[in-house]
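Step one of this worksheet: look at the structure below.
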Protein chains: 2
Amino acid sequence: MPAGHRRARAAPELSRRDDLLRAAARLFVDRGFAATTTRDIAQAVGMRSGSPFYHFRSKQELLKAAMIEGLEAGQRRLQAAINGVDDPARRLRLMIRTHFGNLLEGDCHTPMLIHESRSLDAAARAEVAAASDRYQAAWQGTLDELAACGRLRSSGSPVRLLLFGMLNWSGQWYRPDGPLSLDEIAEAAAELLLR
Amino acid sequence: MPAGHRRARAAPELSRRDDLLRAAARLFVDRGFAATTTRDIAQAVGMRSGSPFYHFRSKQELLKAAMIEGLEAGQRRLQAAINGVDDPARRLRLMIRTHFGNLLEGDCHTPMLIHESRSLDAAARAEVAAASDRYQAAWQGTLDELAACGRLRSSGSPVRLLLFGMLNWSGQWYRPDGPLSLDEIAEAAAELLLR
DNA sequence: CCTACCGATCGGTAGG
DNA sequence: CCTACCGATCGGTAGG
């Protein structure tokens, strides 16, 4: 039994670390950072209470890594989705839909953790803020382009922030089995921005 | 010294209860429910660690009361602001600006606590949800009226939810000493909705 | 990665 | 509303 499986899982340490990251992200999103126990996280991946600390120095480090790596994975999905798309309006629609995916599909939902960075110390919070800025910077170019050709309702400075509000707040009310699909919600959000 | 002040503060028990509620709301908003200690709350109003439990049965009850009473106070401000205003577009602008006040001015910021209702048991969560629904119901009439006369960008069903997203998410980025005033942000949000 | 454990903190209570 | 306190839980560590 151990023989045939050797190649299936390369670098088992990395995979375990990833398991912890994914379980932590899910629990942090569901219950909040402070209400989640390192024991909960360990149990979610079948470890004992002390073992997560073999992979991460502290609970805060787990949160920091989950947020940064989750944001970077989301950013890669964003770039892949708009790769080669010239029309900025179509690009915006794709970004909105992809962001909903990062936020509400899959099993990490990292963008919903942004508020938990208040639980980090200043240094870690700065690292997370930098990753979050990189994620948002990817949007500014498309918004500027739309504003330049007059296709944005409002080119005022809070537009990007209001847009992220519409999108990120959906984590509070969206239900996969509800009456609205993510495609529909994404379309409605784009409609509000585009002229 | 005790003589002359007797009339200044009527019903001191109620006032102490209110002090606790305000301090709790502020701390819950700043640090989150789970990360806030009942000792923190007691200290914030000059009590000893056991004393909040003379006014509230449990930490959860404190959260429930802070949320419900805060939402009701906000709803009263909302109604007062639009009292006698006939133009639905102007009413919407006033509601948005007043909601920003409930959210970001004063010292309770109750709407930012909605996410913390996950820390309540099912019965308490239902009570809070009912108060939150009443708060949101006040908006639906105005939105319907605007949709009926074609002055809403989109009359799709998620518009109210997307609107609340724009507004409530601002708690994540708005700074009183930042470049944008609440008047400007409120105006930008209204611009996105109105045609 | 597990076992066994520690010190600190926390929500809540008794009794006044 | 305070004093004094309890039981439980939690993040983290030593040592293997």
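Throughout, a chain's letter reflects where its sequence line sits, starting with A, and its residues are numbered from 1.
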Legend entry - Spacing between B:R17 atom CZ and D:dC1 atom P, to the nearest angstrom: 12 Å

Legend entry - Proximity to DNA chain D (any heavy atom under 4.0 Å), residues of residues 33-49 of chain A only: A:T36, A:T37, A:T38, A:R39

Inset, instruction - Tell me whether the centres of the aromatic rings in B:F164 and B:W139 are closer together than 6.0 Å. - result: yes

Legend entry - Over all atoms of both residues, closest heavy-atom pair of A:R195 and A:R153: NH2-O, 3.4 Å

Inset, instruction - Evaluate whether atom CZ of A:R90 has more than 12 neighbouring non-hydrogen atoms of other residues, nucleotides or ligands under 6.0 angstrom away. - result: no

Inset, instruction - Quickly work out the B:L27 CG to C:dG11 P distance and round it to whole Å. - result: 12 Å

Legend entry - Nearest-Å distance for atom pair CG/C1', residues B:D19 and D:dC1: 14 Å

Inset, instruction - Would you check if there is a donor-acceptor pair between the side chains of A:H109 and A:N102 at a distance under 3.5 Å? - result: no

Legend entry - Shortest non-hydrogen contact between A:A35 and A:D40, atoms and distance: O-OD2, 4.3 Å

Legend entry - DNA chain D stem ranges, 3 or more consecutive Watson-Crick or G-U pairs under 3.5 angstrom: C:1-16 with D:1-16

Legend entry - Gap between atoms OH and P, on A:Y54 and D:dG16 respectively (whole Å): 17 Å

Inset, instruction - Taking atom types as modelled, find out whether B:R125 and B:S117 have a side-chain donor-acceptor pair closer than 3.5 angstrom. - result: no

Inset, instruction - Starting from C1' on D:dG11, measure out to CD on A:Q60 and report it in whole angstrom. - result: 9 Å

Legend entry - side-chain N/O B:R57 vs C:dG12 OP1/OP2, d < 4.0 Å: no

Inset, instruction - Figure out the CZ/C1' separation between B:F53 and D:dC5, and round it to whole Å. - result: 14 Å

Legend entry - From OG1 (B:T110) to CD1 (B:I68), nearest 0.5 Å: 11.5 Å

Inset, instruction - Measure from CG on A:L20 to P on C:dC2 and round the result to the nearest Å. - result: 10 Å

Inset, instruction - Taking all non-hydrogen atoms of both residues into account, name the closest pair between A:R91 and A:V85 and its distance. - result: NH1-O, 3.1 Å

Legend entry - Length of the NZ-C1' vector between A:K59 and D:dC10, whole Å: 8 Å

Inset, instruction - Would you please indicate if the ring centroids of B:H115 and B:F28 are separated by under 6.0 Å? - result: no

